[in-house]
Amino acid sequence: MLSIGSGGTVNQTMPERSMECLAPAKVNMTLAVLGKRSDGYHELESWVVMARLFDRLVFTERTGLSLAIRGDSNGVPADESNLAWRAAAALAKAIGRQPAVAITLWKQIPVGGGLGGGSSDAAATLIGLNNLWGSRWPVERLKPIAAGLGSDVPLFLQPGSAIIRGRGEEAERLAEGWRGWLALVVPPYPVSTAEVYRRWSEAPARSGVERRPWRDRTAGSGDLASRLFNDLEPGAFAVEPRLKALHDRLNGLDGRPVRMTGSGSCLFAIFDKEAEAKAWSRLASEQLEDGAQMRVVETM
Ligand code: C5P
C-alpha cells in the first residue's frame, strides 16, 4: 500500500509485513528570518508548499536495522548519519522496542537543495514505522521526536501548505494552498545550511516589500511571483558565488522572478500552467552550467 504522510496501511498480502510511503519535497515561497535566538538557531516565518516530487520508502519487518539507497543516491549516506535511519532508531527508543526494520529509500528529491528531502524521509519513516510496528501514536506524540531530528521534520508529518515558525518546527496548516506549477533549477553543488544562516547573522537581510503575501495566495502566479522573497538569498549567494551568477542569469528571464528555496541551493519560478513552466524551463536550460538540472513539478 502507498501513502503520502499519515494514513498509510500495512500490506499483509506480501510474505513479510511491509509498508510503503511517499515523502514529498517542499518549496519555501517566502522565508523571513526574524532574528538569531539564544539557542543559536534563527527565528523564522516561512510559507511552504509541497511539490509532487517524491522520495519513496519501503519498510519491511526484519531483525536489526538496515538502510539501502536506490535511485539518485548521489552523496546520500546509508548509515546512522541518514535522517531516516535516525528516525527509525528514535521511534524504536521512544516506544521501547528494537529497531527491527529494513528500509529501502528511492531518492528522487535532490540532496542539499533546500527541498527538505532528508526531513521528509525522516517524517515518512516515523509515520510508516508507527504503523508497521503497531504503536499507532497520534501525530501530536510524534512531533517532539520529529523536532529532535531536525527543524523541518514536523512539517512533513502532515504534508501540506503551511506557515512555519519558530526554528521551523511549528507548522500552521493553510486550509487552501496555492495550486500551480514550479520550474525547479537544481545546481550541481549543495550549499551548507549552517553556513548560510551564519552569513545571515553577519549581515541580516530583510527582503520583500510585503512579508505575508500568502494572504492573497489564490492570486495567479504572475501577481504572486513578484511578492515572493527569501532573506537567506544574500547569505547563500555569498557562500556560493556560482549560485549568485546562476540567479543573475535566470532572474527576470521571460519576465519571471526567480527565488531560492530554504537555504539553497535550488532556485525556482512559479507558473499557473504546466505548459508555461515547461516553456520557461527550456529557456532556462540554455543558461545552466554543466551538471545542473531542471524539473517541472506541480504543487499539492
Ligand atoms: O535543524 P537542522 O538540523 O535542519 O538545522 C541545520 C543547521 O541550520 C543548524 O545547525 C543551524 O546552524 C541552522 N539553522 C538555523 N536556524 C534555523 C534552522 C537551521 O540557524 N531555524
Side-chain angles (χ1 to χ4, degrees), residues 3-8 19 21-28 31 37 39-51 53-57 59 65 67 69 76-77 79-95 99 101 103 105 107-133 135 137-174 190 192-194 196-197 232 261-263 266 300:
S3 83
I4 300 173
S6 54
M19 166 99 206
C21 283
L22 290 179
K26 60 91 177 153
V27 164
N28 299 81
L31 197 160
R37 312 180 348 166
D39 63 4
Y41 281 89
H42 292 76
E43 192 71 13
L44 306 178
E45 184 175 69
S46 173
W47 172 27
V48 289
V49 298
M50 297 286 145
L53 171 63
F54 303 100
D55 286 345
R56 188 162 69 91
L57 297 100
F59 308 100
L65 177 54
L67 173 63
I69 315 287
V76 183
D79 56 22
E80 65 277 4
S81 63
N82 189 300
L83 269 185
W85 179 299
R86 287 172 45 206
L91 182 66
K93 190 168 174 220
I95 63 181
V101 65
I103 306 173
L105 167 56
K107 281 305 288 183
Q108 281 223 72
I109 304 174
V111 179
L115 297 169
S119 299
S120 191
D121 296 345
T125 301
L126 293 178
I127 297 287
L129 295 182
N130 185 41
N131 205 328
L132 186 73
W133 288 342
S135 38
W137 281 10
V139 168
E140 283 307 316
R141 217 170 153 192
L142 297 175
K143 276 185 184 167
I145 306 173
L149 294 165
S151 306
D152 277 351
V153 181
L155 164 73
F156 292 102
L157 288 175
Q158 292 161 303
S161 193
I163 307 303
I164 56 171
R165 298 194 175 86
R167 65 181 167 93
E169 83 285 21
E170 297 164 23
E172 177 199 332
R173 305 282 128 205
L174 292 176
S192 156
T193 300
V196 170
Y197 276 103
L232 292 175
T261 173
S263 57
C266 288
M300 53 180 255

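For clarity, every value in this text was computed on a predicted model and none was experimentally measured. Residue numbers run from 1 in the order of the sequence given.
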Rounded to the nearest 0.5 Å, what separation is found between the [atom1] atom of [X] and the [atom2] atom of [Y]?
{"X": "Leu155", "Y": "Glu170", "atom1": "CG", "atom2": "CD", "value": "12.5 Å"}
{"X": "Thr125", "Y": "Asn130", "atom1": "OG1", "atom2": "CG", "value": "12.0 Å"}
{"X": "Ile164", "Y": "Ser46", "atom1": "CD1", "atom2": "OG", "value": "4.5 Å"}
{"X": "Ile95", "Y": "Arg141", "atom1": "CD1", "atom2": "CZ", "value": "9.5 Å"}
{"X": "Phe54", "Y": "Met300", "atom1": "CZ", "atom2": "CE", "value": "4.5 Å"}

TODO: Walk me through it: do Val101 and Leu65 pass the test side-chain contact (heavy atoms from CB on, under 4.5 Å)?
DONE: CA-CA 5 Å; Val101 65; Leu65 177 54; 3.5 Å; yes
Might you point out which heavy atoms bring [X] and [Y] nearest each other, and give the distance in Å?
{"X": "Ala90", "Y": "Leu149", "answer": "CB-CD2, 4.4 Å"}
{"X": "Ser119", "Y": "Asp152", "answer": "OG-CB, 3.4 Å"}
{"X": "Ala84", "Y": "Leu57", "answer": "CB-CD2, 4.4 Å"}
{"X": "Trp133", "Y": "Ala88", "answer": "CH2-O, 3.7 Å"}
{"X": "Pro24", "Y": "Ser120", "answer": "O-OG, 2.7 Å"}
{"X": "Ala162", "Y": "Ala171", "answer": "CB-CB, 4.4 Å"}

- [ ] Any chance you could lay out the side-chain contact (heavy atoms from CB on, under 4.5 Å) test for Ile103 and Asn82, step after step, and finish with the verdict?
- [x] CA-CA 11 Å; Ile103 306 173; Asn82 189 300; over 6 Å; no
Open item on the list: So, using side-chain hydrogen bond (donor to acceptor under 3.5 Å, both in side chains) as the criterion, who are the partners of Lys107 when residues are at least two apart?
Closed with: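 side-chain hydrogen bond (donor to acceptor under 3.5 Å, both in side chains) check on Lys107 returns Asp55, Asp121.
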- [ ] Only counting residues at least two apart or in another chain, list the ones meeting side-chain hydrogen bond (donor to acceptor under 3.5 Å, both in side chains) with Arg86.
- [x]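 Scan of Arg86 (side-chain hydrogen bond (donor to acceptor under 3.5 Å, both in side chains), adjacent residues dropped) gives none.
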Go through the structure and list residues passing salt bridge (Lys or Arg N to Asp or Glu O under 4.0 Å) with [X], not counting sequence neighbours.
{"X": "Glu43", "answer": "Arg37"}
{"X": "Arg165", "answer": "Glu45, Glu172"}
{"X": "Asp79", "answer": "none"}

Open item on the list: Between Glu169 (side chain only) and Arg167 (backbone N and O only), is there a donor and an acceptor less than 3.5 Å apart?
Closed with: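 Yes, the answer is positive, given that a donor and an acceptor are paired below the 3.5 Å cut-off.
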Open item on the list: Please check: side-chain N/O of Lys26 versus main-chain N/O of Gly114, any donor-acceptor pairing under 3.5 Å?
Closed with: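 Present.
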TODO: Applying side-chain contact (heavy atoms from CB on, under 4.5 Å), run through Ile69 and Leu67 and close with a yes or a no.
DONE: CA-CA 7 Å; Ile69 315 287; Leu67 173 63; 4.0 Å; yes
Open item on the list: Using side-chain heavy atoms (C-beta onward) and a distance below 4.5 Å, is Leu115 in contact with Val27?
Closed with: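 Contact flag for Leu115/Val27 side chains = yes.
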Task: Residue that, paired with Trp137, satisfies side chain to side chain contact (heavy atoms under 4.5 Å, CB included) out of Leu126, Leu142, Asn131 - done: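 Going through Leu126, Leu142, Asn131 one by one, the side chain to side chain contact (heavy atoms under 4.5 Å, CB included) with Trp137 is satisfied by Leu142 alone.
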Open item on the list: Using the side chain to side chain contact (heavy atoms under 4.5 Å, CB included) criterion, which residues pair with Ala123? Sequence neighbours excluded.
Closed with: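 Residues passing side chain to side chain contact (heavy atoms under 4.5 Å, CB included) with Ala123: Val153, Phe156, Leu157.
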Open item on the list: side-chain contact (heavy atoms from CB on, under 4.5 Å), that's the test. Do Trp85 and Leu105 meet it? Break it down for me.
Closed with: CA-CA 10 Å; Trp85 179 299; Leu105 167 56; over 6 Å; no
